[in-house]
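Values below: every heavy atom of this structure, side chains too, minus hydrogens, waters and symmetry copies.
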Amino acid sequence: MIGILSFVGFTALVAIIAYFATRRTDESTSDGYFLGGRSLTAGVIAGSLLLTNLSTEQIVGLNGSSYANGLSVMAWETLAAIAIVVTAIFLLPRYLKGGLTTVPQFLAERYDVTTKTLTSGLFLTGYVVVLLPIILYSGSVAISGMFDVPALLGVSDEAAIKICVWGIGIIGSIYAVFGGLKAVAVSDSINAIGLLIGGIMVPIFGLVIIGDGSFLDGITTLTESNPEKFQSMGDETSPVPFHTLFTGMMLVQLFYWGTNQQIIQRALAAKNLKEGQKGLMLASFIKILGPLIVVLPGIIAFHIFGADLENGDEAYPLLVNRVLPGYLIGFFAAVIFGAILSSFNSVLNSSVTLFGIDIYKQHINKDANEKTIVRYGKIFGIVLAVAAMFIAPLIANAGSLFDYLQEVNGIYSIPILTIIVVGYLTKYVPAIAAKIGLISGSLLYILSQFVLKPYLAENALEDAAAKGIIDAAELAAIEASAYPHFLDVMAILFALNVIIMLVIGKIKPRKTAYLQEHTKQVDITPWRFVKPVGFGIIIIVVGVYAYFA
């Protein structure tokens with residue numbers, strides 16, 4: 001009961017603060033609603049970015065992956081720091097120079113309106129079919145596990161998940177659809193502090209338990225008992241083989257942190273380039289510490305519970321219940337709930353932004369004023385949220401949450417990244433090349449991962465069975481070698497798409513060179529320390545990998 005009361009109290013406090021902090025924001029206009037009036041400072045941007053990323057698909061999913069595979073999965077966190085540095089130095093100045101409110105807006109200027117619409121459609125499809133349902137489902141697994149909702153309400157596990165999905169979805173929709181980006185960003189900043197505190201408390205309490213009351217003895221016992229879990233370089237059967245860090249991993253990170261509307265909209269709302277770059281650099285530095293929250297607890301759970309958990313995604317909620325006192329469980333559950341809402345709100349808000357500005361205003365009602373755009377954007381957001389709530393319970397059969405999310409996201413992430421990179425680095429590649437790049441990239445990836453890969457992997461396992469091979473490790477190695485890793489496939493398709501676009505640009509170039517105009521909506525004077533700080537962050541990341549190699 002104490003845990004539930006602390007959960008309700010902290011959640012209500014954050015909501016009240018967010019409400020009063022945003023009362024003076026004019027959100028009757030698209031700029032006020034979608035961008036919070038372009039007023040976000042470095043601290044708010046950093047906190048909002050981190051909490052948007054550190055939702056339960058990260059905390060639950062990545063800890064579940066580290067429970068099974070160890071430290072090698074930290075690449076999803078540590079390499080993000082490098083991608084954020086690249087975004088701060090290369091992409092953000094260009095975004096703010098053009099006065100962008102959405103990433104597809106650049107594509108309309110660089111290519112044409114049809115390219116922008118196709119890209120917005122890909123984003124929205126990925127959000128409603130993949131990302132929003134996974135956020136809701138993983139969040140429901142966490143909340144249900146921490147409070148033992150089936151026993152609390154006397155319902156089945158499946159019913160508990162559905163109840164949590166709809167509860168989270170309804171509250172998140174109210175935040176995002178009726179609060180706008182500034183309300184989301186303010187609540188994110190508050191919750192980010194709680195998440196960092198609570199997230200670090202979990203491994204600390206866990207190590208104290210392992211060390212029979214001694215934190216340092218816990219570290220010694222954990223590392224000496226499970227040396228295989230502390231290897232930064234994954235083998236070929238790992239979810240992140242070491243070589244993929246140099247193929248598709250950096251591409252995924254650049255897409256997520258540099259071009260994904262869900263994430264980059266925080267930086268687009270910066271009051272100026274200097275604040276945006278400082279916020280990104282702060283977020284980048286904190287990402288290096290991310291494995292303490294999203295990887296280490298999974299390894300601790302492996303030590304405490306052993307390898308007997310049927311579903312690795314249950315490891316983190318079970319660990320929280322095992323190591324935290326009751327009153328802290330309530331507080332941390334409230335923080336986790338805030339993290340769930342953050343990601344859900346962020347995706348939903350970016351969906352509303354994409355629809356309102358890139359689809360409704362562009363194709364449905366070109367004469368709509370800003371109040372009308374905001375109103376219909378909110379209606380679309382509600383429809384999207386309800387659809388995601390229906391889809392979310394179906395994710396239960398998808399296997400590892402985090403691996404599923406990353407693989408499926410490749411359908412739209414690499415094609416979109418390709419046309420943005422080519423768009424900024426070339427001047428004469430035409431719009432038709434971008435359209436072909438989007439369509440071919442998506443279709444080829446679907447063919448690769450959902451037709452060819454299952455077919456070849458199944459044949460390889462059948463051949464192994466015919467030869468009498470039954471060892472699990474050997475079978476895993478055979479399955480892994482049957483087809484390239486999905487991160488390698490992403491790199492191959494990225495290179496192929498770039499070549500296709502450049503060839504088209506050579507054969508049928510634009511009649512005039514593309515030159516980006518400075519709209520002067522935002523001060524784009526860079527932060528003078530952005531490059532030295534960025535270089536220092538990259539050195540730290542390399543050092544972390546070298547230490548655990």
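Gln58 contributes atom CD, which lies 9.5 Å from atom CH2 of Trp76 (distance to the nearest 0.5 angstrom). In this structure, CG in Leu92 is found 6.0 Å from CD1 in Ile264, a value given to the nearest 0.5 Å. The CD1 atom of Ile500 sits 9.5 Å away from atom OG1 of Thr418, with the distance rounded to the nearest 0.5 Å. Once rounded to the nearest 0.5 Å, the distance linking OG1 of Thr244 with CE of Met490 reads 10.5 Å. From Ile436, atom CD1 reaches atom CD1 of Ile439 across 8.0 Å, with rounding to the nearest 0.5 Å. Remark: Ile391 CD1 to Leu132 CG distance equals 9.0 Å, nearest 0.5 Å.
The backbone N or O of Arg94 sits less than 3.5 Å from a side-chain atom of Gln516, completing a donor-acceptor pair. Between the Ser238 side chain and the Val240 main chain, a donor and an acceptor come within less than 3.5 Å of each other. Side chain of Lys271 to main chain of Gly276: no donor-acceptor pair is present (N/O by atom type, distance under 3.5 Å, no hydrogens or angles). Ser120 places no side-chain N or O within 3.5 Å of a backbone atom of Thr117 that could act as its donor or acceptor partner. No donor-acceptor pair under 3.5 Å is formed between the side chain of Tyr445 and the backbone N or O of Ile414. In terms of modelled atom types and a separation under 3.5 Å, the side chain of Asn63 and the main chain of Ile293 share a donor-acceptor contact. Put simply, the side chain of Thr426 never gets that close to the backbone of Gly423: no donor and acceptor are under 3.5 Å apart. Remark: the backbone N or O of Leu444 is not paired with any side-chain donor or acceptor of Ser448 at under 3.5 angstrom. Formation of a donor-acceptor pair under 3.5 Å by the Ser65 side chain with backbone atoms of Leu62 is not found in this model. In this structure, Tyr67 contributes its side chain and Leu309 its backbone to a donor-acceptor pair below 3.5 Å.
Closest approach of Lys229 and Ile299 over heavy atoms only: O-CD1, 3.6 Å. Here the closest non-hydrogen pair linking Val202 and Leu319 is CG1-CD2, 3.8 Å. For the residue pair Pro291 and Glu77, the shortest heavy atom distance occurs at CD-CB, 4.0 Å. When all heavy atoms are compared, the tightest approach of Lys287 to Ile84 is CG-CD1, 3.8 Å. Nearest heavy-atom pair across Val252 and Leu487 is CG2-CD2, 3.8 Å. Taking each heavy atom of Gly437 and Pro415 in turn, the nearest pair found is O-CB, 4.0 Å.
With a 4.5 Å cut-off on side-chain heavy atoms, Val421 and Val498 do not count as touching. Looking at heavy atoms from C-beta onward, Gln449 lies in side-chain contact with Tyr483 at the 4.5 angstrom threshold. Annotation: side chain of Tyr428 is not in contact with side chain of Lys506 (no heavy-atom distance under 4.5 Å). For the pair Lys435/Leu118, a side-chain contact is recorded, criterion being any heavy-atom separation below 4.5 Å from C-beta on. Within the 4.5 Å cutoff, side-chain heavy atoms of Val429 are placed close to those of Arg110. In this structure, the side chains of Met281 and Val85 come closer than 4.5 Å at one or more pairs of heavy atoms. Inter-residue side-chain proximity for Thr125 and Ile411 is flagged as unmet; no heavy-atom pair is nearer than 4.5 Å. Considering only heavy atoms from C-beta on, Ile168 comes within 4.5 Å of Ser140 through its side chain.
When each of Val86, Ile537, Val533 is paired with Ser284, the side-chain contact (heavy atoms from CB on, under 4.5 Å) condition holds for Ile537 and for no other. Tested against Lys453 for a salt bridge (Lys or Arg N to Asp or Glu O under 4.0 Å), the candidates Glu479, Glu407, Glu458 yield a single pass: Glu407.
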**Message:** Checking Thr259 against Leu254 for the side-chain contact (heavy atoms from CB on, under 4.5 Å) test, could you report, in this order, the C-alpha distance in whole Å, the side-chain angles of both residues, the deciding distance, and whether it holds?
**Reply:** CA-CA 7 Å; Thr259 68; Leu254 283 173; over 6 Å; no
**Request:** Please lay out, stage by stage, how Asp235 and Thr237 fare under the test side chain to side chain donor-acceptor pair (under 3.5 Å).
**Result:** CA-CA 6 Å; Asp235 60 24; Thr237 62; 2.8 Å; yes
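Note on ring orientation: taking the six-membered ring where Trp is involved, the planes of Phe242 and Tyr545 are tilted (angle from 30° to 60°). Phe255 and Tyr412 have perpendicular rings, their planes meeting at more than 60° on a 0 to 90° scale where under 30° would count as parallel.
Summarising the local packing, CZ of Phe90 is surrounded by more than 12 heavy atoms from other residues, nucleotides or ligands at distances under 6.0 Å. In this structure, Glu517 places its CD atom where only 12 or fewer heavy-atom neighbours from other residues, nucleotides or ligands lie under 6.0 Å away. More than 12 heavy atoms of other residues, nucleotides or ligands lie within 6.0 Å of CZ in Phe450, so this atom counts as buried by the packing criterion. Annotation: Phe230, atom CZ; neighbour count of heavy atoms from other residues, nucleotides and ligands within 6.0 Å is above 12.
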